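For reference, the structure discussed in these notes is given below.
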Protein chains: 2
Amino acid sequence: MAMPDDSLETSLADGQVRTITDLARLAGVSPGTVSRALAGNALVNARTRDRIQQLARTHGFQLNQMASNLRRQKTGVVGVAIPLGHDRRQQISDSFFMTLLGHLADELTEHGYDLMLRRVIPDRDEDWLARFTGSGMVDGLIVIGQSDQFDRIEEAAAAYLPMVVWGNHQQGQRHCVVGTDNRLGGRLAAQQLIAAGATSLMFLGDTEPMEFAARFAGAGDVAARAGVPIMACPTHLAIDRMPDEIAGHLARHAGQIDGIFAATDTLAVACLKALQDRGLAVPQRMRLVGFDDLPLAGQTVPPLTTIRQDIAAGARGLVDLLLRRLAGEKTESLVLPPELVVRATA
Amino acid sequence: MAMPDDSLETSLADGQVRTITDLARLAGVSPGTVSRALAGNALVNARTRDRIQQLARTHGFQLNQMASNLRRQKTGVVGVAIPLGHDRRQQISDSFFMTLLGHLADELTEHGYDLMLRRVIPDRDEDWLARFTGSGMVDGLIVIGQSDQFDRIEEAAAAYLPMVVWGNHQQGQRHCVVGTDNRLGGRLAAQQLIAAGATSLMFLGDTEPMEFAARFAGAGDVAARAGVPIMACPTHLAIDRMPDEIAGHLARHAGQIDGIFAATDTLAVACLKALQDRGLAVPQRMRLVGFDDLPLAGQTVPPLTTIRQDIAAGARGLVDLLLRRLAGEKTESLVLPPELVVRATA
DNA sequence: TTTTTGTTTGCAAACGTTTGTAACGAAGCT
DNA sequence: AGCTTCGTTACAAACGTTTGCAAACAAAAA
C-alpha cells in the first residue's frame, strides 16, 4: 500500500488548509470522501477515515459552515427575537428577559444549536418577522415577548411552523406560546395581599402589554369577589423614569391604599425603596407583592413576597417545543403554573 | 414596450417566489440583473430596477442570506463568546454581563450587524476559539471576559485579527481589550472606605479572575500605604452559594474588620443583607463599597456606595474597535476610567 | 454609412460543501 | 469462467447568490 505522497504533503503545508479540497489533495482522495470521512460516515473505510481526521486535526482544518449550511439547507442556528414594541428601553435591560436569554443559551447549546440574537423595533421595520424567518439564516425562531405584535405574530405563524413565542396564552390563538399563567399569578398575589390585611389595592405597572393586563385582571377577579377596590397605576419599566413615577403614584394615593401588587420585581424593589423613603412600614402599613422572583427578590430588606415564574422551566419548554416543531410536529402551547413565594412584605 | 407576460406571472404566483431565479423569470430578466437590481446597483436601468424591487415586495421575496454570504465571503454577523472558565454558573446569570450583552446587541444592530451568542466551556472544548473564528459563520468576534483563557486568547489573537475582548489590560499583551481600569477602581474603593473611617478591611470575592485580582491589588496598594490591613475572602458568584459563604465570612471575621470592599455589586447587595441580618449598622459599624454600579445599587436601603463601570461606553468601545479591525486597522486597547459613586454605605 | 461611445443586459464561473449514482476491484457463488 | 455481491472510492450535480466580462443595442459623432 502506498503511503500518502510526502512531497505533495509538505509542498502544501505552508499554504493554509482551508477547504475540503485542500485536505483531499493532501490525503490523496476526492473531496467527497473527505466530506464523508469528517462526518464519520460509515461508507468510507475506517483506516482512511482516521487518516483524514488526523490530517484535519494536525492542520487545524475548519469546515466552512456557510457552504455546508447552503448545501444542507439548514444552519444549526436558532433565532431569538426581542421585539421592542411598547416601551423601547424596557426590555433590553429588564433582568427577567436577560435571565431567560441566559437559560435559552444554555438549553440551545445543550442541543447543538447556536443562538442568533436580534432586537427588533417593529415600528421602524414592518416585516421584521418575515425578514428573520425568510433569511435562511436560522432554522427556527424564538420570540421573547409578544409586546404589541400579537397580530403580526399570529399571521406569521400560519405560514411558518418552527416558531415558539414567550408570552401570554389566549383562547384560540394560532401561534405556539410558552408562558406563565399570568392571570392565576395575579389572583395569587391579590389573595396574599388581602390575607395579609390589605383592604384597598394598587396595581403598579403598565396594563398595556398582554402579560401585565392578565396579571391585573387576575388580581381584579379576586379583589372584586372580596369587595376590595383596586386601581391601576401605569409605570414605565425604564430605570430612569421608574423611581419618579412611583414616587408620584405614592404621593397621590398612599393614604387611600394599604396593599400594592407590582407587575414586576424590578418595580416592586423600586417601590419598596420609595415606601421606605416615605417612612411607610412594610408590611405593617403597606403590603407589597412582586412578580418574577428574580434573584434580587430575596436580597431586599425586608425580603420580597412575590409570584415566582420558573424561568429555567420556561426556557426548557421553549426549546423543547421548538425542536419538536423543527421535527415537523404540530405542538400545543405550554402554560406554566406560577407559585406564590411568601417572604416578608406581605 | 412589452409588459411582463401576465400569464407567466400568474402561472408562478401560486408557487412561492423563493429564489432570485424565480423572480428573474417573473420579471423577464436574468438572475444577475435581479441581483443587481435588489442591491440598488446603478448599472441596471432605473425603471427595471424599480419594477423588480416592486415585484420582490409584492411577492414577499427574501434573499437567501446563506448563499449570499457564501458568495461574498462575509456574513454580517459578529460572534459573542462567553467563556465559562473558572466558575461555570457564574457569568450567565451575572447581571453585569447580561447588561453588557444588551448594550452590545444595541450597538451592533445600530451598525447593521447581527449577533451570534455562544457560551463556551473551555475545559470541555479545547479549541473553542478556533471553531468560532474558523467556522465562516462570523465576520468577527467579541469575547466577554477573559476568564482563565488569557493564554489561549493571546495565541489566537496572533492569527485572527477581528477580535476584541472585554477584560483586564496587561502590560504588553497582544490581544485588543476593552475594560475598566480595575486597579484604579480598587484604589478608589479602598480610599473611600478608609476616608469613611475604616481601619481594617475585607475584600469580598474570588481573587482568581484577572479583573478581581486587579481590584484587590488596587485596594491593597492604598491599604498598604495607609497602614491598614486587608484580607481576601473568596466567594462564589453563584446565587445559591453566595449568601451562605458571606454569612460564614462575617461570622468568622466581623469582629476584626470595619470595612468591606465587595468585588461586585451583586456581592455587595448580598453582603448588605447579611450585615443587616447580623444587626451591624451600615455605615456606622461597617462600611461597604461595591463595584459595577448596577441599577439595583441605587435601590438598596441604604443605597450602595460603589465603583461605576460605564457599561454602555464599554459596549460602544468594543463594537467601535471591532469595526475598525474589520476594516483592517490594527487598533490599540481601550482602558476606561472607573468612577466612585458615593451613596450611603461608605 | 461607419465608427465611437455609453448604457443596459445576459452569460457563466465562482463560493465550499454534500450526496446520489456510477465505477472499480476483490471476493463469493454456481 | 461467468455471475452476483459487497466494500470502497470518484464523479458531478446541486444549494442560491454575486460579479467580471462580453454582448447587444441605441444614440451620438464622424
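All chains are named by letter (A, B, ...) in the order of the sequence lines, taking the proteins before the strands, and each is independently numbered beginning at 1. Just so we're clear, the structure is a prediction, and the values are computed from it rather than from any experiment.
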Going 5' to 3' on DNA chain D, which nucleotide is the first and which the last to come under 4.0 Å of a heavy atom in chain A?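 Going 5' to 3' along DNA chain D, contacts run D/dT8 to D/dG16.
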Whichever of B/R71 and B/T33 has its nearest DNA chain C nucleotide further upstream toward 5':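 The residue closer to the strand's 5' end, by nearest nucleotide, is B/T33.
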Need to verify one output field. Residue with the more 5' nearest nucleotide on DNA chain C, B/A46 or B/A67?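 Comparing both residues, the 5'-ward one is B/A46.
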Set of residues satisfying side chain to side chain contact (heavy atoms under 4.5 Å, CB included) with respect to A/E110, sequence neighbours excluded: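 Not a single residue meets the side chain to side chain contact (heavy atoms under 4.5 Å, CB included) criterion with A/E110.
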Applying a 4.0 Å non-hydrogen cut-off, can you work out what [X] is touching in the nucleic acid: base, sugar-phosphate, or nothing?
X	result
A/S68	sugar-phosphate
B/T19	sugar-phosphate
A/R36	base
A/L70	base

Is there side-chain contact between A/M163 and A/R325, with at least one heavy-atom pair below 4.5 Å?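 The answer is no, as the side chains (C-beta and beyond) never meet within the 4.5 Å cut-off.
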Sequence neighbours excluded, which residues qualify as side chain to side chain donor-acceptor pair (under 3.5 Å) partners of A/Q73?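 By the side chain to side chain donor-acceptor pair (under 3.5 Å) rule, A/Q73 matches no residue at all.
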Compute whether any side-chain donor of one residue and acceptor of the other, for A/Q54 and A/R51, lie under 3.5 angstrom apart. no
By nearest nucleotide on DNA chain D, pick out whichever of A/R49 and B/M66 is the more 5' one.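 Going by which nucleotide is closer to the 5' end, it is A/R49.
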Between B/L43 and B/F61, whichever has its closest DNA chain D nucleotide further toward 5' is B/F61
Got a salt bridge between B/R25 and B/D22, using NZ or NE/NH1/NH2 to carboxylate O under 4.0 Å?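 A salt bridge is present here (some side-chain N lies under 4.0 Å from a carboxylate O).
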Indicate yes or no for a side-chain donor-acceptor contact from A/D139 to the backbone of A/V78 under 3.5 Å, with no hydrogens or angles considered.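 Not confirmed, A/D139 side chain does not pair with A/V78 backbone.
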Spacing between A/R72 atom CZ and C/dG20 atom C1', to the nearest angstrom: 17 Å
